[in-house]
Amino acid sequence: MAHTSDILIIGSGAAGLTAALNLAERFKVTVLAKGGLAEGSTAHAQGGIAAVLEPGDTFESHIEDTMIAGAGLNDRRTVEFVVEGAPRAIERLIELGVPFNKEAGDLHLTREGGHSHRRIVHVNDATGWAVQEALLGAARAHANITLVPDHVVVDLATSKHEQRYSGAGNVWGVYAVNRATGRVELFTANATILATGGAGRTYQFSTAPRGATGDGIAMAWRAGCRISNMEFMQFHPTCLYNLTVKNFLITEAVRGEGGRLINPKTGHRFMPDYDERAELAPRDIVARAIDAEIKRDGLDYVHLDISHMGAEFVAHHFPTIHEKLLGLGIDMTKEPIPVVPAQHYTCGGIVIDLDGRTDLPGLYAAGECTQSGLHGANRLASNSLLECFVFGEACARHINAHWDDLPPPPPIRPWDESRVTDSDEEVVIQQNWTEIRRFMWNYVGIVRTTKRLERAAHRIKMLTGEVGDYYGHFRVTPDLIELRNLLQTADLIVRSALHRHESRGLHYTLDYPETLPVAVDTILVP
């Protein structure tokens with residue numbers, strides 16, 4: 001089955017829906033989601049959106065905070081572009097009906113780690129959900145937007161898939177598995193935008209949703225795009241430690257509003273020992289400090305305590321977290337929260353320019369699947385949703401301005417299933433999935449060594465043969481597609497980490513503890 005539209009967008013989160021809404025006034029837009037339309041990372045974002053709105057704050061200050069957090073690896077032009085576009089992005093979200101918290105009639109601004117001012121607009125502690133609802137409501141109401149859930153993209157359809165083969169490298173759409181039928185369908189368009197999110201599920205412990213398997217990054221790499229800075233995987237310092245709830249994030253705003261990190265064995269507040277900014281230090285520093293305390297004292301977790309701020313204050317500022325924890329038997333107004341670091345954000349990805357263009361004609365990308373130059377070696381808190389809005393709009397703006405340069409897709413070959421059979425060994429997929437996530441956590445985690453990275457590379461090489469053989473013989477399924485992408489992404493992370501002979505930002509290696517004087521991006525070329 002084949003479908004065609006003017007614009008095809010892969011991903012129904014903040015980046016994808018922002019692009020769709022900005023394009024739909026003129027074009028027919030199809031948005032594919034691999035699960036439900038609200039199952040991506042956007043809906044899980046608790047914190048908020050950073051923007052210069054406080055009297056006395058400046059664009060220059062926000063830019064400098066971003067550059068400092070990014071350990072100098074940021075592209076300053078990109079940082080300026082995003083920071084200066086932030087206030088207008090907030091205005092558009094307000095126009096869409098996002099009910100940001102207010103105080104005395106003005107937007108309530110909170111502060112998070114690495115920020116020198118209060119500049120985080122938020123909706124309680126569930127900003128992402130409110131943004132997702134507003135964007136999705138507007139998209140559903142638009143006659144030119146077709147929302148298609150439960151379609152798992154296998155690969156980009158490129159020039160090599162044309163009925164008359166071409167090596168031009170154009171992207172004409174995607175092949176995707178319809179979960180309802182199990183069949184692969186072809187979606188074509190003049191322009192395709194990847195807004196597929198990050199690769200958090202490459203790791204055993206992650207705050208990312210189940211579908212964050214690096215799909216866009218992996219398929220862009222296979223099609224011929226450069227991938228950059230994949231060694232910079234951000235670990236959020238404070239994920240709830242609970243044996244049944246695996247990925248519940250305790251937002252950075254808890255520390256921003258006075259939460260303290262305590263060693264449960266000694267009762268000592270330890271962050272001032274590691275950094276003068278204490279709990280408000282950038283995430284990589286806080287995550288490494290917690291990791292050091294856990295390893296030194298043989299702990300399972302550390303405590304995050306905000307109970308000293310008073311029950312009314314805590315319940316008012318963090319209603320979602322408070323309610324969730326009460327259901328697990330933890331009253332954060334009276335007792336500390338057990339927390340551990342967990343993978344949280346993918347700072348590297350597909351190389352794009354300020355228009356969201358990739359290396360391939362007809363292919364754009366926005367959001368966490370990209371390396372735009374904004375985050376550098378470590379993302380500053382609450383710059384992630386902001387990047388989605390600014391670059392989702394940038395993609396739309398460039399497509400609008402250059403539509404005449406985007407030819408309609410030629411005839412594309414349908415998916416060929418003539419030489420494969422249904423698998424009777426689904427256990428192979430589950431085993432390999434578990435193995436990848438475990439060795440990535442142990443060997444390619446918060447603190448690394450060359451030996452550990454080489455061990456990971458060896459396992460990836462062996463698994464690549466196994467998964468490639470499996471992929472070649474059996475009909476594709478959503479689980480197989482995700483496993484293939486997960487393994488490809490793990491390979492890109494390890495190759496990037498082995499290439500960087502220094503410690504910078506999120507990449508900390510015991511073999512190269514110093515930071516080199518010049519910051520250089522890691523760029524992998526297919």
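Only heavy atoms go into these numbers, but all of them, side chains included; no hydrogens, no water, no symmetry mates.
- In the model, T66 has no side-chain atom that pairs as donor or acceptor with a side-chain atom of N74 under 3.5 Å.
- A donor-acceptor distance shorter than 3.5 angstrom exists from the side chain of T515 to the backbone of S503, with no hydrogens or angles considered.
- Scanning both residues, A208 and G200, for their nearest heavy atoms gives CB-CA, 4.0 Å.
- For the pair T202/T213, no side-chain contact is recorded, criterion being any heavy-atom separation below 4.5 Å from C-beta on.
- Closest non-hydrogen pair, P87 versus A51, comes out as N-CB, 4.3 Å.
- In this structure, R438 places its CZ atom where only 12 or fewer heavy-atom neighbours from other residues, nucleotides or ligands lie under 6.0 Å away.
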Review point. What do the steps show when you test L386 against L374 for side chain to side chain contact (heavy atoms under 4.5 Å, CB included), and what is the final call?
Key: CA-CA 10 Å; L386 175 59; L374 173 62; 6.0 Å; no
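- Side chains of I330 and P338 form a contact here, defined as non-hydrogen atoms less than 4.5 Å apart.
- Although no hydrogens or angles enter the test, the distance criterion places a donor-acceptor pair under 3.5 Å between the side chain of T489 and the main chain of N485.
- Counting all heavy atoms, side chain and backbone alike, G48 lies closest to S382 at O-OG, 3.3 Å.
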**Study point:** Worked check of side chain to side chain contact (heavy atoms under 4.5 Å, CB included) between H62 and L380
**Key:** CA-CA 10 Å; H62 190 178; L380 181 65; 4.2 Å; yes
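- Remark: side-chain polar atoms of T238 are not paired, donor with acceptor, to backbone N or O of V339 under 3.5 angstrom.
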Exercise for review: Take E279 and R269 through the side chain to side chain contact (heavy atoms under 4.5 Å, CB included) test and state the conclusion after the steps.
Suggested key: CA-CA 10 Å; E279 283 81 7; R269 180 189 177 193; 2.6 Å; yes
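- Of the residues L453, I493, T509, the one that meets the side-chain contact (heavy atoms from CB on, under 4.5 Å) test with L498 is L453.
- The ring-ring contact (aromatic ring centres under 6.0 Å, His included) contacts involving residues 329-350 comprise H236-H344, Y345-H375, where partners must be two or more places apart or lie in separate chains.
- Judged purely by atom type and a 3.5 angstrom limit, D297 has no side-chain atom pairing as donor or acceptor with the backbone of L299.
- Take E64 and apply the salt bridge (Lys or Arg N to Asp or Glu O under 4.0 Å) test, not counting sequence neighbours, and it matches R76.
- With sequence neighbours left out, the side-chain contact (heavy atoms from CB on, under 4.5 Å) criterion links S61 to D57, T58, D65, S116, H117, R119.
- With sequence neighbours excluded, the residues satisfying ring-ring contact (aromatic ring centres under 6.0 Å, His included) with Y203 are F235.
- Contact check for N383 versus V83: no side-chain heavy atoms found under the 4.5 Å cut-off.
- Side chains of D215 and T196: a donor-acceptor N/O pair is absent below 3.5 angstrom, by distance only.
- Remark: R288 is positioned above the aromatic ring of Y508, its terminal NZ or CZ atom under 6.0 angstrom from the ring centre and at most 45 degrees off the axis.
- In terms of heavy atoms, G16 sits closest to A195 at N-CB, 3.5 Å.
- Comment: R88 engages E95 in a salt bridge, judged by a side-chain N to carboxylate O separation of less than 4.0 angstrom.
- The pair E482-R201 fails the salt-bridge criterion, with no side-chain N (NZ, NE, NH1 or NH2) lying under 4.0 Å from an Asp/Glu carboxylate O.
- Partners of R379 by salt bridge (Lys or Arg N to Asp or Glu O under 4.0 Å), not counting sequence neighbours: none found.
- Of the possible polar contacts, none joining the T18 side chain to the E393 backbone as a donor-acceptor pair under 3.5 Å is found.
- Between the side chain of N263 and the backbone N or O of T266, at least one donor-acceptor pair lies under 3.5 Å.
- Between the side chains of D479 and T477, no donor-acceptor pair of N or O atoms lies under 3.5 Å.
- With 3.5 Å as the limit, one finds a donor-acceptor pair spanning the side chains of N101 and N124.
- Side chain of T370 to main chain of A365: no donor-acceptor pair is present (N/O by atom type, distance under 3.5 Å, no hydrogens or angles).
- Listed by chain and number, the residues in a ring-ring contact (aromatic ring centres under 6.0 Å, His included) with F100 amount to none (sequence neighbours excluded).
- Of the possible donor and acceptor atoms, one in the side chain of Q132 sits under 3.5 Å from a partner among the backbone N and O of L37.
- The ring-ring contact (aromatic ring centres under 6.0 Å, His included) search around Y443 returns none, not counting sequence neighbours.
- Among pairs with a residue in residues 323-337, those fulfilling side chain to side chain donor-acceptor pair (under 3.5 Å) read D331-T333, at least two apart in sequence or across chains.
- Taking the side chain as every heavy atom from C-beta outward, I429 and Y470 approach each other to under 4.5 Å.
- In this structure, OG in S496 is found 9.5 Å from NE2 in H507, a value given to the nearest 0.5 Å.
- Between the side chain of H322 and the main chain of T320, no donor-acceptor pair closer than 3.5 Å is present.
- Taking the side chain as every heavy atom from C-beta outward, L107 and I90 approach each other to under 4.5 Å.
- Between A38 and L136, the closest heavy-atom pair is CB-CD2, 4.2 Å.
- Checked against salt bridge (Lys or Arg N to Asp or Glu O under 4.0 Å), R179 has no partners two or more places apart in sequence or in another chain.
- Here the rule is side-chain contact (heavy atoms from CB on, under 4.5 Å) with T522, and of R495, M230, R500 only R500 fits it.
- Sorted by first and then second residue, the ring-ring contact (aromatic ring centres under 6.0 Å, His included) pairs with a member in residues 250-307 read Y241-Y301, Y301-H303; sequence neighbours excluded.
- Residue H108 is tested with K102, H122, R118 for a side-chain hydrogen bond (donor to acceptor under 3.5 Å, both in side chains); the sole match is H122.
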Practice item. Dump the intermediate steps for side chain to side chain contact (heavy atoms under 4.5 Å, CB included) on V286 and M271, then the final yes or no. Key: CA-CA 7 Å; V286 180; M271 272 316 299; 3.9 Å; yes
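- Residues satisfying the salt bridge (Lys or Arg N to Asp or Glu O under 4.0 Å) criterion with D275, sequence neighbours excluded, are R277.
- Looking only at side-chain heavy atoms (C-beta outward), N242 and L328 come within less than 4.5 Å of each other.
- Judged by distance alone, the side chain of R111 and the main-chain N or O of H115 form a donor-acceptor pair under 3.5 Å.
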**Study point:** Test log, rule salt bridge (Lys or Arg N to Asp or Glu O under 4.0 Å), inputs R255 and E252
**Key:** CA-CA 6 Å; R255 285 180 284 126; E252 189 141 354; 3.7 Å; yes
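- In the model, E368 has no side-chain atom that pairs as donor or acceptor with a side-chain atom of S384 under 3.5 Å.
- At a threshold of 4.5 Å between non-hydrogen side-chain atoms, the residues L506 and C347 count as touching.
- Partners of F391 under the ring-ring contact (aromatic ring centres under 6.0 Å, His included) rule, at least two apart in sequence or in another chain, are F81.
- Proximity of I446 to P341: side-chain heavy atoms (C-beta onward) are separated by under 4.5 Å at one or more points.
- Closest approach of G128 to L385, counting heavy atoms only: CA-CD1, 4.5 Å.
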